[in-house]
There are 2 protein chains.
Amino acid sequence: MRIEGSTNADAHSVSAELKRKILGGEFQYDERLPAERSIAEQFGCSRGTVRAAMERLEDLKLIERRIGSGTFVRHKLTANETDIANSTSPLELIEVRRGLEVQAIRLAVVNASARNLQAVEKNLIELEALGSRCEPEDFSKADQAFHLSLAECSGNSLMIWLCNHVNDVRCHRQWSAMKDKILTQRQIALYNKQHRAIFEALNSRDINAAEKETIAHLQLAKDDLLGAT
Amino acid sequence: MRIEGSTNADAHSVSAELKRKILGGEFQYDERLPAERSIAEQFGCSRGTVRAAMERLEDLKLIERRIGSGTFVRHKLTANETDIANSTSPLELIEVRRGLEVQAIRLAVVNASARNLQAVEKNLIELEALGSRCEPEDFSKADQAFHLSLAECSGNSLMIWLCNHVNDVRCHRQWSAMKDKILTQRQIALYNKQHRAIFEALNSRDINAAEKETIAHLQLAKDDLLGAT
DNA sequence: AGACATTGGTACAAAAATGGTTGGATATGG
DNA sequence: CCATATCCAACCATTTTTGTACCAATGTCT
């Protein structure tokens with residue numbers, strides 16, 4: 001298990017995270033990245049590990065490094081990254097999730113194994129442990145993990161695949177820009193209540209309650225989205 | 001037989017779950033899986049069991065293992081969406097369509113333009129013109145076009161994109177094999193009645209009727225599928 | 001111009017982590 | 001009883017990560 005921030009990270013996860021931040025626009029073009037030693041401290045790993053990750057990104061032509069100066073973003077995307085993700089608005093995303101995840105929870109109630117439920121509960125507990133004062137970024141990640149573990153319960157490969165890819169969209173720019181506005185302490189607390197309710201319904205195999213709670217959850221997310229624009 | 005011990009897992013269930021996570025995209029291409037020892041702990045089984053499961057996945061060319069480095073996803077199938085298609089059963093497909101298309105029709109009732117409705121009607125007329133004696137292959141194509149034009153009405157680009165790709169799955173092997181059994185004259189006539197009902201509901205902007213008819217349509221398809229196996 | 005701090009680049013050895021392997025103990029079901 | 005499967009505890013070979021030290025280039029200050 002890779003847990004961000006709190007524990008050590010290997011070269012793969014470091015490069016993946018940096019890549020995500022660059023492609024997601026968190027690090028703008030031509031911007032200088034933090035120093036290697038600084039990133040190492042931030043990830044809780046050694047400088048050598050960070051350098052290994054950097055070499056990967058350099059091979060991908062995502063960054064350029066200059067001795068004594070720093071590391072700079074030099075990405076040339078457009079071709080590969082102009083996928084559906086970037087042209088999808090957060091509102092469109094919620095509408096699709098409402099279709100997919102409501103059906104997923106219905107299947108989950110029927111098909112979830114004991115192990116599936118344990119995984120969901122684990123993610124739920126981690127999510128709740130973050131508390132309502134956590135960083136929106138951290139909450140968003142844990143929230144995504146929770147919802148994906150719900151999809152897992154469906155036992156339907158196609159459903160899982162779709163939920164995974166649809167949730168990837170959340171990492172992109174338009175959504176990132178709104179996270180800070182929407183994910184206030186108050187809303188996080190509300191969301192967590194709903195997460196708990198969804199899990200309880202699923203755990204007791206109550207299909208109607210599970211569906212109702214999931215719809216309520218996505219409806220709230222949609223309302224928050226509309227309120228923030 | 002395997003009694004569902006809540007914690008222990010045998011090689012079969014471990015490999016099945018890992019396979020699902022790979023196919024579902026939770027473990028993406030080129031990503032490193034958790035270490036064997038870590039997976040063993042997670043599943044509450046021994047490392048040997050995990051290794052047995054891994055060997056299965058290696059035989060299936062799903063993963064590649066490197067000493068001292070780790071286990072990596074080598075599944076070209078995750079690279080594009082047509083591959084998940086081949087490993088999706090018709091039943092799984094119907095379940096996903098039930099999620100997507102029901103939501104699509106709800107959005108369609110709200111958002112469909114006059115031009116959208118004309119396109120749907122055109123496809124519907126063509127479908128009906130085929131009659132109930134047509135080739136299953138031809139009906140399937142026209143049916144697909146009709147359903148895609150419904151998705152178009154949603155005005156949600158992500159929804160349209162997903163419905164397009166999900167419907168592509170129908171062109172593949174497992175589905176093709178069943179077409180001839182299911183698409184009898186009698187069933188084609190039934191399906192066409194439902195198509196007409198869906199269009200009428202959409203055209204008169206009756207969201208509840210549209211949803212009800214769509215659910216009924218997919219339910220019938222599901223029942224036929226179950227009956228044919 | 002010169003001193004100094006900061007940056008990435010390099011080298012090397014110790015420590016840790018990883019998959020691969022072996023042998024024997026312990027069930028479980030035929 | 002045997003066959004199969006699982007578990008456990010080692011050990012091996014390889015790779016990765018770490019820690020440390022130092023080098024070279026750059027930027028900033030006096």
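Labels below follow one simple rule: chain letters A, B, ... track the order of the sequence lines, proteins then strands, and each chain is numbered from 1.
Residues passing the ring-ring contact (aromatic ring centres under 6.0 Å, His included) test with Phe72(B), sequence neighbours excluded: His12(A). Applying the side-chain contact (heavy atoms from CB on, under 4.5 Å) criterion to Asn111(A), with sequence neighbours excluded, gives Leu107(A). When the ring-ring contact (aromatic ring centres under 6.0 Å, His included) test is applied to Tyr191(A), the partners found at least two apart in sequence or on another chain are His217(A). With sequence neighbours left out, Arg37(A) forms a salt bridge (charged side-chain N to carboxylate O under 4.0 Å, His left out) with no residue at all.
At whole-Å resolution of the value, CD in Glu41(A) and P in dT18(D) are 14 Å apart. Distance, Phe43(B) CZ to dC7(D) P: 12 Å, rounded to whole Å. The CD atom of Glu31(B) sits 17 Å away from the C1' atom of dT18(C) (whole-angstrom rounding). For the pair Phe72(B) CZ and dA17(C) P, the interatomic distance rounds to 16 Å; values are reported in whole Å.
Counting only heavy atoms from C-beta outward, the side chains of Asp30(A) and Arg74(A) approach each other to under 4.5 Å.
A salt bridge is absent between Lys21(B) and Glu152(A); no separation between the charged side-chain nitrogens and carboxylate oxygens falls under 4.0 Å.
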Go through the steps for Ser157(B) and Glu92(A) under the test side-chain hydrogen bond (donor to acceptor under 3.5 Å, both in side chains), then give the verdict. CA-CA 8 Å; Ser157(B) 56; Glu92(A) 283 179 318; 3.3 Å; yes
Restricting both atoms to N or O, compile the protein contacts to nucleotides 6-11 of chain C shorter than 3.5 Å, with distance only.
{"residue": "dT7(C)", "atom": "O2", "partner": "Gly68(A)", "partner atom": "N", "Å": "2.9"}
{"residue": "dG8(C)", "atom": "OP1", "partner": "Thr71(A)", "partner atom": "OG1", "Å": "3.3"}
{"residue": "dG8(C)", "atom": "OP2", "partner": "Glu36(A)", "partner atom": "N", "Å": "3.0"}
{"residue": "dG8(C)", "atom": "N7", "partner": "Arg37(A)", "partner atom": "NH1", "Å": "3.2"}
{"residue": "dG8(C)", "atom": "N7", "partner": "Arg47(A)", "partner atom": "NH2", "Å": "3.4"}
{"residue": "dG8(C)", "atom": "O6", "partner": "Arg37(A)", "partner atom": "NH2", "Å": "3.3"}
{"residue": "dG9(C)", "atom": "OP2", "partner": "Arg51(A)", "partner atom": "NH1", "Å": "2.9"}
{"residue": "dG9(C)", "atom": "OP2", "partner": "Arg51(A)", "partner atom": "NH2", "Å": "3.4"}
{"residue": "dG9(C)", "atom": "OP2", "partner": "Arg65(A)", "partner atom": "NE", "Å": "3.4"}
{"residue": "dG9(C)", "atom": "OP2", "partner": "Arg65(A)", "partner atom": "NH1", "Å": "3.3"}
{"residue": "dG9(C)", "atom": "N7", "partner": "Arg47(A)", "partner atom": "NH2", "Å": "2.7"}
{"residue": "dG9(C)", "atom": "O6", "partner": "Arg47(A)", "partner atom": "NH1", "Å": "3.0"}

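Between its opening and closing five pairs, the helix from dA1(C)-dT30(D) to dG30(C)-dC1(D) changes axis direction by 30°, a value rounded to 10 degrees.
For the residue pair Ser140(B) / Asp143(B), no side-chain donor-acceptor distance below 3.5 Å is found, with atom types taken as modelled.
Within 4.0 Å of Ala11(A), counting heavy atoms only, lie sugar-phosphate atoms of the nucleic acid but no base atom.
Toward the 5' end of DNA chain D, the nearer of the two residues Gly48(A) and Val50(B), judged by each one's closest nucleotide, is Val50(B).
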